[in-house]
Every structure is written in C-alpha cells, then in structure tokens.
Amino acid sequence: MADRADVLDFVLPPALKAHEPPEARGRARDGVRLLAGRRGTGEVTHHAFTDLPGLLRPGDLLVVNTSATLPAAVRLDKISVHFSTPLPHEDGSDGRLWLVELRRWAAKASVPYDGGFPGEWIPMPGNATLSLLGRQTGRLWRARLSTEVVPYLRRHGTPIRYGYVRRDWPASAYQTAFAHDPDTGGAEMPSAARPFTPELVTRLVSGGVLIAPITLHTGVASPEAHEPPVAERYEVPAATAALVGHVRAGGGRVIAVGTTAVRALETAAAPDGTVRASGGWTEHVVTPGRGVLAVDGLLTGLHEPKSSHLVMLTAIAGRDLLTAAYEAALAGGYLWHEFGDANLLLP
C-alpha cells in the first residue's frame with residue numbers, strides 16, 4: 001500500500017477482477033464473500049455474504065438504492081456510446097439531452113475514445129442521430145439524441161460492461177433485488193446491493209434489521225477517470241428520513257448499502273445530522289475533511305486503486321481500517337468490481 005494521505009493506492013492483480021457474475025462461477029447471488037471491518041477495534045474478519053444478518057444488530061437500518069440499471073451502452077462499428085445522465089430539465093433536455101462518454105475496444109478492453117468534435121453527428125442504430133454539443137468534462141460530452149433517450153435505450157442498448165467483464169450478460173444480471181421503476185434508472189448498477197436475495201432480506205427483517213429506500217441514478221464511472229461523479233438525480237423519501245432519525249435516536253446504526261446511498265443521505269443531512277426528505281440533483285462529494293453526518297457504516301464492493309470511492313470510504317472507516325481491510329482482501333484473494341465480493345465497514 002502506498003502511504004498517501006489523500007487516497008488509498010495499491011496494485012490490483014488482474015486475477016482478482018471478477019470477470020462474470022457469481023452465478024456463472026457456480027454460486028448463488030448471495031454466495032459471494034464478505035470482508036467485515038470494525039473501526040472501533042480495527043478488527044477485520046472473513047465471512048460469507050449470507051452471514052450478514054449475524055453481523056448486524058436488531059434496530060440497525062440498511063438504506064438501499066432502488067435505482068434500476070439502464071441498458072446504457074449503444075455499440076457502433078468502432079466505438080460505443082455510454083449514456084450517463086440526462087441534463088437537468090432547466091437546460092431544456094426534454095429527455096434527449098444527455099451526458100455521454102465515447103469509448104472504444106482495444107486489445108479486448110474498453111478504453112476512452114479521444115475522437116469527436118463539437119457539432120459532429122454520429123449515426124446511431126434505429127435511424128437515430130447523436131449530436132455532440134461540447135465537452136462537459138475531460139471524458140463526458142453534452143449530446144442530443146434525435147429521440148427520447150430512455151425508450152431508445154430499451155430498444156437498442158445493452159448494459160455497460162468494461163474490459164474485465166469478458167462477455168455480455170443478460171440485463172437481469174445487472175438488476176438488484178431492490179430495483180423498481182423500469183422507466184427510469186442509472187447508467188451503472190448500484191452493485192453493493194447485488195448479492196441480496198429475497199431469502200436473505202427475509203432473514204434480515206426477521207432478525208430486527210430495518211430496510212429503507214433511497215434512489216440515486218448513477219452516471220458512468222469510467223474506471224480510468226478517478227474523478228468525482230457529476231451531478232446525479234436522487235430522492236430521499238420522507239419515510240426514510242424519519243426512520244433514519246428514529247433509528248439514530250434509539251441507538252441503532254445507519255448502514256448505507258453502497259456509495260450511492262451514502263451520497264443521497266449526506267446530501268439530505270442538515271449540519272446537525274438530521275436527515276430531511278430531499279430530492280433533485282446532487283453534486284455532494286464525501287471526503288475525510290468534510291466527514292459524514294448521517295451514515296454510521298457502509299456495505300460496499302471493493303474499489304479500484306485511487307478511485308474517488310476510496311476517498312468516501314476513508315471518511316467513513318478511517319485510513320487505518322480501510323488500509324487493513326484492503327490488505328486483507330488482497331491477501332485473501334477477494335474479487336473486485338460489480339460481480340465481486342463485498343466489504344462491510346462498521347463503527
């Protein structure tokens with residue numbers, strides 16, 4: 001591990017990148033491994049994901065993201081267009097103006113495509129046209145499709161996959177047990193919730209663990225970028241906000257399922273930690289300097305070296321515990337990315 005104060009750095013061996021869903025490896029969805037770390041003691045322990053009910057306490061609250069996963073990639077002859085997020089309606093999006101990333105395949109890996117210029121028209125399947133309007137960031141373009149984007153993706157898109165996933169998988173492989181509302185969604189799966197099954201949820205609830213929803217529709221997270229996410233759509237319902245307050249007042253712990261749930265809750269948190277019903281667009285970035293106000297713990301996957309997600313994890317778990325957890329994951333052969341193993345960070 002590198003001794004950098006800002007973000008965790010390490011070498012991720014290619015063999016530890018999950019190439020396919022656990023179901024393709026002969027396991028159930030909840031058959032992945034679970035690495036648990038406790039900030040109070042610094043202890044790191046190894047478990048199966050199905051052990052989760054025993055690692056939580058009655059009265060704890062899991063906050064889950066209900067966003068569905070859009071088939072947000074459209075493949076052309078030489079490049080792919082990844083649709084990230086719609087631009088806010090005040091920009092006149094009418095469902096057609098989105099941020100997109102252009103990518104190409106090289107040596108069996110998906111990499112950013114450096115081409116494109118403002119004003120370029122890109123022919124798309126189904127007699128549609130994508131117009132590049134200008135760059136939003138180093139990797140994202142503002143672009144207008146000639147038809148409404150989400151219905152178009154339902155007809156012509158596929159789930160986004162990167163080079164470490166070696167083949168296409170059905171759209172169902174990219175939906176979590178909590179996903180709903182197929183008419184909207186995010187560009188990438190809120191993958192921390194992928195291992196949950198109805199049976200495991202039943203065990204959790206039967207043991208007194210509470211579950212509450214938020215929604216945050218993710219944009220594309222280019223694995224090369226290591227940059228904060230752009231503004232994303234979110235909602236923290238009134239019932240969830242009230243339940244967070246009730247649980248914390250009673251001594252329970254609020255455990256976010258995924259970094260998206262953290263971002264939504266922290267966006268909705270007042271300076272005193274009170275979570276209020278909230279919705280719209282969030283640009284909130286969780287850092288160690290800013291800290292967290294509403295979240296006590298996090299259930300997440302294992303993230304790329306130097307990624308912005310690791311900055312958030314440091315804010316929640318602390319540098320020492322996060323370093324110990326990732327050293328244990330590397331030594332133990334845990335698998336990374338959306339089809340990999342899970343990491344529970346507790347107070």
Side-chain angles (χ1 to χ4, degrees), residues 30 34-41 43 45 47 49-67 176-180 190 192-216 234-280 282 284 286 288 290-301 312-318 321-322 342-347:
D30 59 6
L34 175 62
L35 186 73
R38 296 163 180 82
R39 186 169 185 171
T41 64
E43 182 184 22
T45 54
H47 307 271
F49 193 83
T50 50
D51 295 335
L52 180 62
L55 297 172
L56 300 177
R57 303 192 301 233
D60 283 346
L61 173 64
L62 292 175
V63 179
V64 301
N65 188 355
T66 63
S67 176
T176 74
F178 305 109
H180 72 91
R194 191 185 191 279
F196 285 86
T197 61
E199 294 78 13
L200 183 59
V201 170
T202 299
R203 288 179 54 211
L204 286 162
V205 173
S206 298
V209 175
L210 305 169
I211 298 176
I214 58 88
T215 302
L216 188 141
Y234 82 101
E235 180 184 9
V236 176
T240 295
L243 191 54
V244 169
H246 173 77
V247 165
R248 300 196 88 185
R253 302 174 297 182
V254 177
I255 312 296
V257 178
T259 58
T260 57
V262 176
R263 196 179 194 204
L265 287 173
E266 293 299 319
T267 298
D272 65 355
T274 301
V275 173
R276 300 165 180 167
S278 179
T282 177
H284 187 88
V286 176
R290 176 178 282 179
V292 288
L293 298 169
V295 172
D296 301 303
L298 173 64
L299 176 66
T300 185
M312 176 187 290
L313 269 60
T314 302
I316 295 170
L321 177 61
L322 191 63
N343 183 201
L344 177 64
L345 298 169
L346 294 171

Starting at OG1 of T215, measure out to CG of N65 and round the result to the nearest 0.5 Å. 6.0 Å
Applying side-chain contact (heavy atoms from CB on, under 4.5 Å), run through L56 and L346 and close with a yes or a no. CA-CA 9 Å; L56 300 177; L346 294 171; 4.3 Å; yes
Give the minimum heavy-atom separation between E266 and G291, together with the two atoms involved. OE1-O, 4.4 Å
Which residues pass the salt bridge (charged side-chain N to carboxylate O under 4.0 Å, His left out) test with R253, not counting sequence neighbours? D60
Atom CG in D30, atom CG in L52: separation rounded to 0.5 Å? 10.5 Å
Checking the side chain of N343 only, and the main-chain atoms of L35 only, is there a donor and an acceptor separated by less than 3.5 Å? yes
Under 3.5 Å, is there a donor-acceptor pair between the side chain of R263 and the main chain of H284? yes
Could you walk me through whether I255 and L344 pass the side-chain contact (heavy atoms from CB on, under 4.5 Å) test, one step at a time? CA-CA 9 Å; I255 312 296; L344 177 64; 4.2 Å; yes
Any idea which heavy atoms bring S67 and P190 closest together, and the distance? O-CG, 3.8 Å
With rounding to the nearest 0.5 angstrom, report the CE to CG distance, M312 to L322. 12.5 Å
Quiz question: by atom type and distance under 3.5 Å, do the side chains of Y234 and T260 form a donor-acceptor pair? no
Check: P53 and V209 side chains under 4.5 Å, non-hydrogen atoms: no
The side chain to side chain contact (heavy atoms under 4.5 Å, CB included) partner of V205 among I211, L200, L210 is I211
With F196 via ring pair (Phe, Tyr, Trp, His ring centres under 6.0 Å) - residues at least two apart: F49, F178
Of all heavy-atom pairs linking V292 and A315, the shortest is CG2-O, 4.3 Å
Begin from the C-alpha positions of L299 and L34 and carry the test side-chain contact (heavy atoms from CB on, under 4.5 Å) through to its verdict. CA-CA 9 Å; L299 176 66; L34 175 62; 3.8 Å; yes
Can you confirm whether the side chains of D272 and T274 place a donor and an acceptor under 3.5 Å from each other? yes
Kindly give the heavy-atom pair with the smallest separation between G251 and R57, and that separation in Å. O-NH2, 4.1 Å
Heavy-atom pair of closest approach, residues V262 and A256: CG2-CB, 3.5 Å
Donor-acceptor contacts, no H, no angles, side chain residues 236-249, under 3.5 Å, sequence neighbours left out:
| unit_1 | atom_1 | unit_2 | atom_2 | d |
| --- | --- | --- | --- | --- |
| T240 | OG1 | P213 | O | 2.6 |
| R248 | NH1 | L293 | O | 2.5 |
| R248 | NH2 | D296 | OD1 | 2.9 |

Scanning both residues in full, the closest heavy-atom pair of A269 with A294 reads CB-CB, 4.1 Å
Within the distance-only criterion (no hydrogens, no angle test), does the side chain of R39 pair as donor or acceptor with the backbone N or O of A317 below 3.5 angstrom? yes
Looking only at atom types and distance, does a side-chain atom of R203 sit under 3.5 Å from a main-chain N or O of T50, one as donor and one as acceptor? yes
